Amino acid sequence: MGSKLSDPDAGRERPPAATKILIAGGFGVGKTTLVSAISEIRTLRTEETLSQQSTGVDDVSGVDGKTTTTVAMDFGRITFSDDLVLYLFGTPGQDRFWFMWDELSYGALGAAVLADTCRLGDSFAAIDYFEQRGTPFVIAVNCFDGAKRYHPEDIKIALDLDPHVPVVLCDARKRESVKQVLITVVELLLRQPIEDHGERSATGG
Amino acid sequence: MSPGADDRWFDREAGPVVRPYAVARGRTRPRTGQFDLISVVVATGVPPPDTIWLGPEQLHMLSLCRRPVTIADVASDMDLPLGVVRVLLSDLSDQGLVSVLSTPQPREVPNVHVLRKVLNGLKAL
């Protein structure tokens, strides 16, 4: 502590930085497996506004004013130190829960879109979403046992991705492999033009 | 299938005894403050004044906030829906019992120092 003489914040407790990366992809592609391979899994309940898509699906007659429904979602937490935590939020795979994406993606550093080469089409929706919002993302191809392996460049062409979007092959069950996916996301972010606010910006000071 | 003795729900399976909206006393939106999923809150250490009544959930929440904690973790630890947690936290914030230490910034301005720390943290896992 005494060695940080140049740090005006020394001795004052700095708020912990909480960061998040989104894990997106189609239903059943292995998002929860990926998150649990590298982090402590927690469950969050959230009520969401009934969307247009719920009309005719959820019977709300007789409960005037019922406009929300409860959704349970898993998230992961990686604690690096007392003052730095990374959260991994899996985006809901079902179309019905699209409306949760805006809240989940607010303030996210970036995203990994988990893709299965047998069902590449399932990842189109997530790719479109991140492209439209300008959220940096990488494609992580989950190499299921027995699945045919493709070259990342071929997958990039099949998904019609911008050349700068990284494509990595991974095994969502393996910690080292998942670690590499997340490192690829952060390295992508560091390559982008970003503002250097200095450490104290996190304190608002 | 007709309902029989085997179909009865007991304890946790029967769901919460007090419905979430009752815990939040019918409110679905906090009055003040933006409590994002990864906003960090902490108890201010100010003892609750005698003039206000805190419910068991809010007392539990205050104890969880002794150390800085995110809204997502509070909601997960308390097993309460996020919206209810936001309402209760907003009450505690209004009364000066908790404060918001940080909220995430829109991603247009990621902090390069934080990014490097995350990268180093991941590599060290």
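These figures come from a predicted structure and were not determined experimentally. Side chains are part of it too, since the values below use all heavy atoms of this structure and drop only hydrogens, waters and symmetry mates. Labels below follow one simple rule: chain letters A, B, ... track the order of the sequence lines, proteins then strands, and each chain is numbered from 1.
Proximity to chain B involves both the backbone and the side chain of A:Ile183, based on heavy atoms less than 4.5 angstrom apart. For A:Leu86, the part lying under 4.5 angstrom from a heavy atom of chain B is the side chain only. If you measure heavy-atom distances from A:Ile21 to chain B, you find no contacts under 4.5 Å at all.
Below 30°, between 30° and 60°, or above 60°: for A:Phe89 and A:Phe75 the angle between ring planes is below 30°, a parallel geometry.
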Inset, instruction - Go through the steps for A:Thr19 and A:Tyr87 under the test side chain to side chain donor-acceptor pair (under 3.5 Å), then give the verdict. - result: CA-CA 6 Å; A:Thr19 56; A:Tyr87 289 87; over 6 Å; no

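Between chain A and the residues B:Asp73, B:Leu119, B:Leu125, B:Asp36, the largest count of heavy-atom pairs under 4.5 Å involves B:Asp73. Among the candidates B:Val69, B:Val118, B:Asn120, the residue making the largest number of heavy-atom pairs closer than 4.5 Å to chain A is B:Val118.
Between B:Leu37 and A:Leu104, the closest side-chain pair of non-hydrogen atoms falls below 4.5 Å. When side chains are defined from C-beta on, A:Ser36 counts as touching A:Ile41, because their heavy atoms get closer than 4.5 Å.
The closest donor-acceptor contact from the side chain of A:Ser177 to the backbone of A:Lys174 lies at 3.5 Å or more, if one exists at all.
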